[in-house]
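FYI, side chains are in, hydrogens and waters are out, and symmetry mates aren't considered; it's all heavy atoms of this structure.
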Amino acid sequence: MPFSSTEVKEITVLGAGVIGLTTALKIQEHGDYRVTIIAEHFPTDPKSIKYASLWAGAHHVSVAGGDHFQRKIDIETFNTMWELSENGGAAEGCFLRLPQTEFYRDKRDRHETLELMPNFSELPGNSLIQNALSGIKYDSVNTDAPRFLNYILSRFLAAGGSIVRGSVQHINQVIEGGPEAFSSHTGKKSSPPDGIVVCLGLGARFMGGIEDQNLYPVRGQTVLLRAPWVKFGMSMSGGPAKEWTYVIPRRSGDVIVGGTYDANDWHPCPRPETTREILGRVLEMCPDIAPPESRAVRKPTIEDIIPIIVEEGCGFRPCRKGGVRLEAEWMQARQRRIPIIHNYGHGGFGYIASFGSASVAFKLLEKSLAGEVS
């Protein structure tokens, strides 16, 4: 039965990563909903291998290619972040606008979605670095992940949203008991939600009632450097090695460099040998990552970069066979049947897709509550 358009609907979002937070914000700011996020981890917590969003480099380099659905999502996200990052924008301090250079180890005649970016151009042959067969340049925006996540969380709470820390073992716990089932306020009357949005990333593989076995981790290791002299983004990808080397500056002067892409690698800690391997690749691609005083007197080495390391980190990208799951279904627990919106499996591109995916999830929710999706 469709819901009345005048009644405020209770919505629960599961997960507080970048996808969960932007989705919860989108729904809460619409005005006809009261949204509660249930999550084990929040942006204010210490960094954890279980919370990938805090480790993200978060530069906006779309890989949508010719996928028009994904392109629309990525472009909406970019336009939103571009507006937030403008001089005097609502979240200017979370972002850094800068020129981005992409080098490829293979020839590429079309760049599809990236051709829509500001000031896009293809690089002439004399501008390519060693081992690069093609390249492009455009303006983009980098996100300071920890700062941005806390900005979205604060904005969500200011709009009237609520958060509950909890570990959901089965989705029926939420369908029947709502957020109060995980609240520390014992005796509070339960308020089962009118709809649930699942934004659990890799967690959707393990939660009862979902147990999506198409999800798998892709471990990524990075190094955070203090290098405020770097004012440009750069990456190298493609070719038989399938390595992706990148330099991602932040507004704070820190720079994330990486990386690795290791499917089904569950090791939870940075490997020292991998850190050195990453620094070697980055230094070969971008010698300017080394301190200026080192470059002024000789060719820089890895040892020149070691002193500017802030931290080493790794996270599990929530990848999914078959791609992102953005769809609605109905589930029942006891006498309650409600819509469940799935929004997870974005892999390493959660920030790139965040606001656009939130819009798609919100539309699915509205159609479900209106009885248009059964």
Side-chain angles (χ1 to χ4, degrees), residues 1-39 42-43 73 76-77 80 84 90-91 149-166 168 171-183 185 188-201 204 207 209-210 325-333 336-344 350 353-374:
M1 178 180 177
F3 286 82
S4 166
S5 60
T6 59
E7 60 187 58
V8 175
K9 304 166 191 70
E10 302 285 346
I11 305 299
T12 299
V13 173
L14 302 181
V18 66
I19 295 297
L21 288 172
T22 50
T23 301
L25 179 66
K26 178 75 176 182
I27 301 168
Q28 181 64 38
E29 288 192 334
H30 185 269
D32 294 331
Y33 302 90
R34 277 193 297 264
V35 182
T36 301
I37 299 173
I38 303 176
F42 288 94
I73 287 173
E76 179 181 342
T77 302
T80 303
L84 289 171
L149 293 172
N150 279 288
Y151 161 74
I152 294 296
L153 177 58
S154 297
R155 185 168 145 188
F156 168 73
L157 294 171
S162 302
I163 60 174
V164 173
R165 190 183 298 273
V168 181
I171 196 165
N172 285 358
Q173 294 173 322
V174 185
I175 295 175
E176 186 176 351
E180 286 75 21
F182 304 89
S183 174
H185 302 292
K188 186 176 180 181
K189 183 180 178 182
S190 65
S191 178
D194 299 310
I196 298 172
V197 189
V198 180
C199 304
L200 287 171
M207 188 179 73
I210 305 296
R325 189 177 185 190
L326 259 173
E327 62 184 8
E329 67 171 322
W330 288 77
M331 288 188 176
Q332 185 162 340
R336 302 201 73 247
R337 184 173 181 267
I338 68 170
I340 310 295
I341 312 302
H342 300 284
N343 184 12
Y344 62 80
S354 55
F355 286 106
S357 287
S359 291
V360 174
F362 179 51
K363 289 176 183 176
L364 287 169
L365 178 68
E366 292 223 291
K367 287 182 178 180
S368 297
L369 293 173
E372 297 176 29
V373 177
S374 58

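- Sequence neighbours left out, not one pair with a member in residues 17-28 passes salt bridge (charged side-chain N to carboxylate O under 4.0 Å, His left out).
- Nearest heavy-atom pair, Leu200 versus Tyr344, reported as atom, atom and distance to 0.1 Å: N-CB, 4.4 Å.
- For Tyr33, the ring-ring contact (aromatic ring centres under 6.0 Å, His included) partners two or more places apart in sequence, or in a different chain, are His30, Phe362.
- Formation of a donor-acceptor pair under 3.5 Å by the Thr22 side chain with backbone atoms of Phe355 is not found in this model.
- Summarising the geometry, atom CG belonging to Asn172 is positioned 9.5 Å from atom CD belonging to Gln332; distances are rounded to the nearest 0.5 Å.
- Arg336 places a side-chain N or O within donor-acceptor distance of the main-chain N or O of Pro193, the cut-off being under 3.5 Å.
- Between the side chain of Asp194 and the backbone N or O of Ile11 there is no donor-acceptor pair closer than 3.5 Å.
- Of the possible polar contacts, none joining the Glu329 side chain to the Ile340 backbone as a donor-acceptor pair under 3.5 Å is found.
- Residues passing the side chain to side chain contact (heavy atoms under 4.5 Å, CB included) test with Ala353, sequence neighbours excluded: Gln70, Ile73, Asp74, His346, Ser357.
- Looking only at distances, no side-chain donor or acceptor of Gln173 sits under 3.5 Å from a matching main-chain atom of Val168.
- Across every non-hydrogen atom of Leu153 and Pro43, the tightest pair is CD2-CD, 3.9 Å.
- The side-chain contact (heavy atoms from CB on, under 4.5 Å) test with Val197 singles out one residue from Ile37, Ile341, Leu14, and that residue is Ile341.
- Contact between Cys199 and Val13 at its shortest, heavy atoms only, is SG-CG1, 4.1 Å.
- In terms of heavy-atom proximity, Val35 sits nearest to Gln28 at N-OE1, 2.8 Å.
- The nearest pair of heavy atoms linking Phe42 to Val164 is CZ-O, 3.8 Å.
- Applying the salt bridge (charged side-chain N to carboxylate O under 4.0 Å, His left out) test to pairs two or more places apart or on separate chains, those with a residue in residues 154-164 are Glu29-Arg155.
- Separating the CD1 atom in Ile171 from the CE atom in Met331 is a distance of 5.0 Å, to the nearest 0.5 Å.
- A salt bridge links Arg325 with Glu327: at least one charged nitrogen is closer than 4.0 Å to a carboxylate oxygen.
- Separating the CD atom in Glu7 from the CG atom in Leu369 is a distance of 9.0 Å, to the nearest 0.5 Å.
- Atom OG of Ser368 sits about 12.5 Å away from atom CD1 of Ile196, to the nearest 0.5 Å.
- Residues passing the side chain to side chain donor-acceptor pair (under 3.5 Å) test with Thr23 are Asn343, sequence neighbours excluded.
- Here Thr12 pairs with nothing under the side chain to side chain donor-acceptor pair (under 3.5 Å) rule; sequence neighbours left out.
- When all heavy atoms of Pro192 and Glu176 are compared, the pair lying nearest together is CG-O, 3.3 Å.
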